[in-house]
Protein chains: 2
Amino acid sequence: MHLQLNFKSGKPAYLQLAEQIKYAAATGVLRPGEALPSIRPLAEDLRINRNTVAKAYAELESEGVIETRQGKGCFVTENNSPLRKAVRQEIVSEAIDYAIVQAHHLQIPPEEFIELVKGRLEHFRTETEKPSTSKAGD
Amino acid sequence: MHLQLNFKSGKPAYLQLAEQIKYAAATGVLRPGEALPSIRPLAEDLRINRNTVAKAYAELESEGVIETRQGKGCFVTENNSPLRKAVRQEIVSEAIDYAIVQAHHLQIPPEEFIELVKGRLEHFRTETEKPSTSKAGD
DNA sequence: CGAACTGTCCTAATGTCATATGACAGTAAT
DNA sequence: ATTACTGTCATATGACATTAGGACAGTTCG
């Protein structure tokens, strides 16, 4: 697993870290039960404070992505598909929430929003597998 | 136009104000060219600082909702073309597409995605109805 | 037991955000 | 020009988030 921080992004280091690990867990790069890098070595490796890593891990634990045991380490949650599914939904929910907030700001009612979503979904369905799409906005 | 602030919401006063005015402008309660309340009287009326109102107005100007002229006042923008329905849908569609791509990346099927959207929509609906919160999340 | 590892808690320095105050600048009417 | 209105800017304060360092607690191995 490759972890990298962007200090110029303005996004807190502990959030970047949590996000990357969460993503790795959701996509299977990190398997359930697998141990995460220990707090201190990882912090040293990333040139950040141990507590920053600890905060990222705490965030992940509160989201149910990992499990930490004092004196032993941190591990990806064992629960096979059910919990990983929840994690995936969590990630997508963040993106959905962003879209919903945008819609609300632009005075687009929920029904119209749903229709928009269906429309876009249909649009993607007809284009099936195209390697387009990495326009990340942040 | 009725403006009211909720100091317990945890949301900044200047954002609440900006949002309400933006909504008024979008729904036609405030018509293009119409003058907004002057900064000082409005601030006094709402029992907040002038600069808090000024910040709300500055935010609205940066979004193109209003236009301010020093010494004269603030006015709703004459041509809010950016609020045209098609344009609004375009903007939101981008955010939706991003979420869809994420879902596809995480192998969440369309039906599940739709359900997620509905769930989040419901979540927001019930949240805005109950402004009493213990912890303000953003 | 002690040493070396694991995570955890407490507290402080720093930066940023929201807000408040005072001084300043443009406009209009007298 | 004066006066009274308009918005604007620089700055200070208080709250909170982020990060950092020291001391503490649980685990494992020798």
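Below, each value reflects all heavy atoms present in this structure, side chains not excepted, and no hydrogens, waters or symmetry copies.
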Of all nucleotides in DNA chain D with an atom under 4.0 Å from a non-hydrogen atom of chain A, which is the first and which the last going 5' to 3'?
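Result: D:dT18 to D:dT28.
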
Walk me through whether A:Y98 and A:Q102 qualify under side-chain hydrogen bond (donor to acceptor under 3.5 Å, both in side chains). CA-CA 6 Å; A:Y98 178 75; A:Q102 283 256 348; 3.1 Å; yes

Check your understanding: Would B:E19 and B:K22 pass as an ion pair if we require N to O under 4.0 Å?
Key ->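 No salt bridge links B:E19 with B:K22.
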
Could you list the donor-acceptor pairs under 3.5 angstrom formed between side-chain atoms of residues 24-37 of chain B and any protein atom two or more places apart in sequence or on another chain?
residue, atom, partner, partner atom, Å
B:T27, OG1, B:Y23, O, 2.9
B:T27, OG1, B:A24, O, 3.4
B:E34, OE1, B:R31, N, 2.9

So, the side chain of [X] versus the backbone of [Y]: is there a donor-acceptor pair under 3.5 Å, distance only?
X      : Y     : value
A:E67  : A:E78 : no
B:R120 : A:I96 : no
B:Q16  : B:N6  : yes

In 5'-to-3' order, the base (B), backbone-only (S) or no-contact (-) status of each nucleotide in nucleotides 6-15 of chain C, using a 4.0 angstrom heavy-atom cut-off, is BBBBB-----

Please walk me through it: do A:Q4 and A:Q20 pass side-chain hydrogen bond (donor to acceptor under 3.5 Å, both in side chains)? CA-CA 9 Å; A:Q4 188 164 1; A:Q20 288 179 34; over 6 Å; no

